[in-house]
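These values consider heavy atoms only, across backbone and side chains, with no hydrogens, waters or symmetry-generated copies. This chain uses plain numbering: 1 for the first residue, then up along the sequence.
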Amino acid sequence: MNDRTTHWLLLVVTLPTSSATARMRIWRALKALGCGALRDGVYLLPDTEALRPQLAGLGDETIREGGTAWLLQAGPVDAADEQRYRSLFDRRQEYAAFIALLAQANTSIPASTPQDVNKQLRKLRREYDALRAIDYFPDEASAQGEQAWREFTALADKVLSPDEPHAVDAPIPRLDPAAYRARTWATRKRLWVDRVASAWLIRRHIDRDARFLWLETPGDCPPDALGFDFDGAAFSHVGDKVTFEVLLASFGLDQDPGLVRVGALVHVLDVGNGFVAEAAGFEAMLAGLRQRARDDDDLLAQVAPILDGLHAHFSTLPAST
């Protein structure tokens with residue numbers, strides 16, 4: 001957002017009285033956009049290409065539900081007026097409350113299970129993303145929130161996956177699958193999302209005769225084994241791609257829409273970016289299976305049919321889904 005906003009959007013609405021559900025839905029949408037309220041029914045936002053259609057859509061919905069709505073463009077009379085407008089978007093209290101939530105979460109992480117930490121990360125990430133989305137005039141409070149978030153995620157990463165790989169910036173060469181048949185593949189034991197999905201991908205689509213080693217530490221990887229999903233492994237995180245996605249790109253499997261969608265699910269659960277509707281259900285099933293599995297071989301055997309089913313399901317979806 002520029003230092004000076006020359007135009008503002010003003011939505012003047014009378015919310016519908018015939019439907020309490022519609023009235024609440026519109027009010028919540030206005031709140032989610034972070035509108036400044038000049039008075040009841042008069043809402044202000046900076047005029048941007050992204051916000052204009054959203055406010056217009058809420059105005060149209062209000063009219064459809066029996067209310068009234070006018071969307072106007074307004075401008076400050078002077079600098080003092082501009083400052084008063086901006087003061088309606090002061091997010092210091094919201095950031096302070098969010099930082100307090102992070103501080104509370106920091107104390108619970110060391111005693112939490114990996115599933116609980118992942119769940120907490122996703123919940124707090126949604127809250128942080130929602131707050132940043134309505135932070136139209138970032139300031140010192142924004143910077144403090146960002147610093148607190150970085151510290152929280154760093155602590156969570158250390159506790160959740162002390163050997164979790166760090167992404168490198170490097171090209172991903174295209175490889176010949178014929179040179180990777182009947183090989184020994186190795187990754188860290190106690191499989192979780194990226195590792196178990198990558199092992200499934202290897203056995204189903206790269207090396208059907210693959211043998212797997214589950215390592216206590218990455219340093220235990222034999223020199224003749226193909227390591228995956230740890231620092232220094234043959235296949236691990238590259239740029240914004242998790243190991244599963246790197247394997248897709250390495251072996252030309254990124255032309256399969258179903259596998260690409262499975263990769264998006266793995267990406268969401270491994271690093272938290274994006275949204276895949278099936279991700280939460282898959283994580284819940286994986287957590288339950290891991291509690292019951294005798295070992296990682298048993299876990300892979302139980303998860304494989306689920307991933308087969310997801311691949312088949314995703315392969316039937318239209319390209320725009």
Side-chain angles (χ1 to χ4, degrees), residues 25 28-29 32 98 101-102 104-106 108-133 149 152-161 164-165 167 187-188 190-201 204 229 237 240-248 254 256-293 296 298-321:
R25 184 174 64 249
R28 285 176 175 168
F98 182 70
L101 275 179
L102 294 179
Q104 183 179 3
N106 284 337
S108 67
I109 281 181
S112 298
T113 65
Q115 182 185 10
D116 288 339
V117 172
N118 273 321
K119 183 178 180 180
Q120 195 170 42
L121 267 172
R122 288 197 304 277
K123 176 180 180 294
L124 289 170
R125 183 178 280 110
R126 286 194 298 270
E127 294 187 24
Y128 184 45
D129 288 345
L131 177 54
R132 287 193 302 170
W149 176 249
F152 169 72
T153 54
L155 176 61
D157 287 344
K158 287 180 181 178
V159 174
L160 184 61
S161 297
E164 191 67 16
T187 192
R188 294 168 291 139
R190 192 159 171 76
L191 300 179
W192 193 236
V193 178
D194 198 8
R195 280 166 284 151
V196 75
S198 294
W200 167 82
L201 181 69
R204 286 287 196 266
D229 204 49
H237 293 206
D240 62 352
K241 296 182 184 298
V242 299
T243 300
F244 186 97
E245 295 169 309
V246 170
L247 287 165
L248 289 182
D254 49 1
D256 182 321
L259 289 178
V260 170
R261 288 178 172 122
V262 174
L265 179 150
V266 174
H267 187 103
V268 167
L269 292 176
D270 197 48
V271 298
N273 298 327
F275 173 78
V276 175
E278 296 81 359
F282 176 76
E283 182 188 34
M285 284 189 291
L286 178 57
L289 291 174
R290 193 165 71 165
Q291 291 174 6
R292 298 190 321 175
D296 284 323
D298 186 33
L299 178 63
L300 177 58
Q302 294 187 56
V303 172
I306 297 172
L307 287 166
D308 289 339
L310 282 171
H311 179 217
H313 166 65
F314 286 142
S315 296
T316 65
L317 298 180
S320 60
T321 300

> Using side-chain hydrogen bond (donor to acceptor under 3.5 Å, both in side chains) as the criterion, list what pairs up with Thr187, not counting sequence neighbours.
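In terms of side-chain hydrogen bond (donor to acceptor under 3.5 Å, both in side chains), with neighbours along the sequence ignored, Thr187 is linked to no residue.
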> Please tell me whether Asp308 and Trp200 have a donor and an acceptor in their side chains that are separated by less than 3.5 angstrom.
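Their side chains do contain a donor-acceptor pair, which is all the 3.5 Å distance test asks for.
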> Check ring-ring contact (aromatic ring centres under 6.0 Å, His included) between His311 and all other residues, then give those that pass, not counting sequence neighbours.
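With sequence neighbours excluded, His311 shows a ring-ring contact (aromatic ring centres under 6.0 Å, His included) to His205, given in chain and number order.
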> My understanding is that only residues two or more places apart in sequence, or in another chain, count here; which of them pass salt bridge (charged side-chain N to carboxylate O under 4.0 Å, His left out) with Lys123?
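With sequence neighbours excluded, Lys123 shows a salt bridge (charged side-chain N to carboxylate O under 4.0 Å, His left out) to Glu127, given in chain and number order.
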> Which donor-acceptor pairs under 3.5 Å do side chains of residues 282-290 form with protein atoms, sequence neighbours excluded?
{"from": "Glu283", "atom 1": "OE1", "to": "Arg122", "atom 2": "NH1", "distance (Å)": "3.0"}
{"from": "Glu283", "atom 1": "OE1", "to": "Arg122", "atom 2": "NH2", "distance (Å)": "2.3"}
{"from": "Glu283", "atom 1": "OE2", "to": "Arg122", "atom 2": "NH1", "distance (Å)": "3.0"}
{"from": "Arg290", "atom 1": "NH1", "to": "Arg190", "atom 2": "O", "distance (Å)": "3.4"}
{"from": "Arg290", "atom 1": "NH1", "to": "Leu191", "atom 2": "O", "distance (Å)": "3.1"}

> Please enumerate all residues that pass ring-ring contact (aromatic ring centres under 6.0 Å, His included) together with Trp149, with sequence neighbours excluded.
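Trp149 satisfies ring-ring contact (aromatic ring centres under 6.0 Å, His included) with Tyr128, Phe152 only.
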> Hey, is the main chain of Pro165 close enough, under 3.5 Å, to the side chain of Asp229 for a donor-acceptor pair?
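No; judged by distance alone, with no hydrogens or angles, the pair does not exist.
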> Apply salt bridge (charged side-chain N to carboxylate O under 4.0 Å, His left out) to Asp129 and list each qualifying residue two or more places apart in sequence or on a separate chain.
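Testing Asp129 for salt bridge (charged side-chain N to carboxylate O under 4.0 Å, His left out), a comparison that skips the adjacent residues, returns Arg132.
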> Between Gln302 and Asp298, does any side-chain donor sit less than 3.5 Å from a side-chain acceptor?
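There is such a pair between these side chains.
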> For Leu259 and Asp254, what are the C-alpha separation, side-chain angles and deciding distance, and is it a side chain to side chain contact (heavy atoms under 4.5 Å, CB included)?
CA-CA 7 Å; Leu259 289 178; Asp254 49 1; over 6 Å; no
> For Asn118 and Leu269: C-alpha separation, side-chain torsions, deciding distance, then whether side chain to side chain contact (heavy atoms under 4.5 Å, CB included) applies.
CA-CA 8 Å; Asn118 273 321; Leu269 292 176; over 6 Å; no
> Quick one: does His237's side chain get under 4.5 Å of Asp194's, heavy atoms only?
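Counting from C-beta outward, His237 and Asp194 do come under 4.5 Å.
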